[in-house]
2 protein chains.
Amino acid sequence: MTDQRIAIIGAGPSGLAALRAFESAERAGTEIPEIVCYEKQDDWGGQWNYSWRTGIDQYGESVHSSMYRNLWSNAPKEALEFAEYTFDEHFGRPISSYPPREVLWDYIDGRLRSSNAKDKVQFATAVRWVQYHRDTDTFTVTVEDLKTQTTTSSEFNQIIVATGHFSHPNVPGFAGIETFPGVVEHAHDFRGAEKFADKRVLMIGASYSAEDIGVQAYKMGARSVTLSYRSKAIGHVWPQGMEELPLVERFDGSQAHFVNGEVREFDAVVLCTGYLHKYPFLPSDLSIHSSNNVYPQGLYRGVTWQNNPKLHYLGAQDQWFTFNMFDAQAWYVRDLILGRAPLPSADERAESIEQWTQRFKAIASEAEEIQFQADYIRDLIEQTDYPMFDLDSVVEIFQAWVNDKVENVLTYRDKQHRSVMTGTLAAAHHTPWLRELDDSLQRYLSTPPKDELEKLLDQTETAASAKTT
Amino acid sequence: MTDQRIAIIGAGPSGLAALRAFESAERAGTEIPEIVCYEKQDDWGGQWNYSWRTGIDQYGESVHSSMYRNLWSNAPKEALEFAEYTFDEHFGRPISSYPPREVLWDYIDGRLRSSNAKDKVQFATAVRWVQYHRDTDTFTVTVEDLKTQTTTSSEFNQIIVATGHFSHPNVPGFAGIETFPGVVEHAHDFRGAEKFADKRVLMIGASYSAEDIGVQAYKMGARSVTLSYRSKAIGHVWPQGMEELPLVERFDGSQAHFVNGEVREFDAVVLCTGYLHKYPFLPSDLSIHSSNNVYPQGLYRGVTWQNNPKLHYLGAQDQWFTFNMFDAQAWYVRDLILGRAPLPSADERAESIEQWTQRFKAIASEAEEIQFQADYIRDLIEQTDYPMFDLDSVVEIFQAWVNDKVENVLTYRDKQHRSVMTGTLAAAHHTPWLRELDDSLQRYLSTPPKDELEKLLDQTETAASAKTT
């Protein structure tokens, strides 16, 4: 085992889960292989590193993160909590169910802060090409140190791809969009909604990005927010000033023509049209080619590449569960690599893939999809020493969250959920989400004076009554 | 010669010059090697293909082009004219000196439209990795067909890198920019200035992008346009509403603090901070590492990689001359590959590099830099059968252009220059640039009715008098 070398590509939540999985085994006295983690950003955290840059970063690489200012978790933290490092352990007191970006970054950073994990990460290093050699059953990984602009290659026995699949936007075309005179940007490049104040904003899409960026625009005072769906409306009870229309057929100057014949004028368009699986550093026979779904094809147990089981993917699924799913995957992949979990034969793996695929194809509702992912995670945890947790209760948290959003997309983040790991009920945040304009960790953990909150409340009520008149 | 395989990477103006150079030899009866040109866009033309997309394209690749709507040539076409395919030959009549994008695209496309060059281009194909093998003195080029998402590798004897160096923006940081509430974009992602109407816009930079995007914003009705320089102001006589300030020290919300102590409020920031030499598909020992200048280090005669003379770059220089310089380079590289031009020994090449480097280092003015590039091109053309042209007269055209801009940056595009290739004096465009809002080829070649032009003139005068009151 000791002469094995393992490359982890990416040090976001999935890559960090892999580092933690190996670290956890090492702490327990197991000899682990040599681990090298390549991360193209200057720090770890992946998506959770906010960058003001869009398109191309300071090294000339495409910007990884799709984060924006004032991004607060859009699902309860109780659904993503690590089973072996709880929010209580990290913060020492109950916090709210929907923390902002910096708070979640602090949580995932905190789990590894005092370990030796950072020594295994080569930051500001982009993976250029991975070549598999059948004769030696090894991989050559060629990377560029972006600071020195030096390329080097080295050999690895196994590869863990943890680059995520929310970094390369899917950017479809729309007739006439090339001469739309206002802002046109993909959600990946959206950094803040302040510029939409008093603007008529069109979101194209009907998933999380459209919902949340739409609500951000509302929060920042957009004159109107229109969401355009292809197949199915989101269907929330929208506040006044927000509405859903079917797909845009074409643009004509600043006008959008919708397929139902309606025509509206807009000042800005945000393409909330999703992301691509994209692995430009991998040969096509090692790459996932899939839409964003909960069971991408080609992966045994959702992680191990069927046609080359020395290659693993973490977090390649569409995600209800996130951080704790990455943990379950990372622990299982670690155990495959350590030889603790047996790798079944190709035929057995194919049979397993086939069974899960049948079940995946039978999914008929959102509720069933959440249950599918819970069962998928349970199956992984059962193979490892990762602490099992009450997945069915998390499913219930998801259901409550979905209902809360339908009811009021402006207040669902003010609800409190109970941790299935610790039993702790979330705290109420000091400021309702709609009135909170400071998303810093410092502000989040502070106790603002009462009169400040009352002043904010007054302002919001004045603004709300202005909107309804 | 016939068993040689040559890869051209990129089918922009430089790649097309290489295709034309080989085609020209083939038409003259020379047997040419097998040529494969890889182009990641769906069509050729490189920068001159306008895309409304920014950041990431429809295939998940970084967007190549930095073009924008209403981009008109910012230098006289008489300075870039091909010596062996003139504007007269293409358009059949005199056209103006500063045509818009589509007109120039048509010109470079037209030269190869009726040839077999397109058969040699693999469109929508990204080069992933180039590996040199010392033992066989060949290169393995690995590419991805972006439509089928299939990677393949093949062997080549020589490589021509023609990907340009105006696609990967240089994006420096500025304190506080991460919370600037308005639009922040690099010039690479700028697509049109309509959204700047009535806005206070800040351009950071003092080169072509800042000058032209600033003037575009003025044209589209910006409330104010501020250009911020690091070392030296552009120094034009700016129209009312445009001004230059030194560098931004930091942002504080929507305020910019300049190093001279001035503070201004802005609605939008455009980073006109240049571009990087970036070749993510090349090992670092084959990559140019240089700032943008007229004599990037490591290239014999500005084209052939000194440490591996089977690798060539076209258009790697900062550019006064463009299309005709690429031609001169392409013809010379072609002749090296065909064995018509002798490749000097490494020592002789080093000596040549040293001589040109000394001269490059002695450049003390813009005028000397233009002369340097003219002499550089002359030296290349003298080695080949490319038609020599009156480079000194082109230098004079450049000098006139520089003076025209200093005098009036809003009207320099209305001037007419004389072709050194044909002696033809450029036509006057039917509409002054400041009033022309349609940049299409069709509009450009049309004859608008006189009363339309008079109406436009009235509007402009009304707008101008409104600005000055």
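By convention in this document, chain letters (A, B, ...) are assigned in the order of the sequence lines, proteins followed by strands, and residues within each chain are numbered from 1.
- For B:Q131, no part sits under 4.5 Å from any heavy atom of chain A, backbone or side chain.
- A donor-acceptor pair is defined here as one N or O able to donate and one able to accept, closer than 3.5 Å; no such pair exists between the side chain of B:K195 and the backbone of A:D267.
- Comment: A:E178 does not engage B:R69 in a salt bridge, judged by the lack of any side-chain N to carboxylate O separation of less than 4.0 angstrom.
- Within the 4.5 angstrom heavy-atom criterion, atoms from both the backbone and the side chain of B:T179 approach chain A.
- For chain A, the option among B:A126, B:S167, B:G55, B:G60 with the highest count of heavy-atom pairs below 4.5 Å is B:G60.
- Only the side chain of B:L271 has a heavy atom closer than 4.5 Å to any heavy atom of chain A.
- Looking at A:H186 and B:R53, their side chains never come closer than 4.5 Å, going by heavy atoms from C-beta outward.
- Comparing B:S287, B:S51, B:P283 by how many heavy-atom pairs each has under 4.5 Å with chain A, the most go to B:P283.
- Heavy-atom distances place the side chain of B:S62, and not its backbone, under 4.5 Å from chain A.
- Interface remark: B:F281 contributes no atoms to any contact with chain A (heavy atom separation under 4.5 Å).
- When side chains are defined from C-beta on, A:V171 counts as touching B:W52, because their heavy atoms get closer than 4.5 Å.
- Proximity to chain B is absent for every atom of A:L286, based on heavy atoms less than 4.5 angstrom apart.
- Using a 4.5 Å cut-off between heavy atoms, B:L276 contacts chain A through its side chain alone, with no backbone atom that close.
- Options B:M220, B:E61, B:R191 differ in how many heavy-atom pairs under 4.5 Å they form with chain A, and the most are formed by B:E61.
- Counting heavy-atom pairs under 4.5 Å between each of B:T142, B:I177, B:T54 and chain A puts B:I177 at the top.
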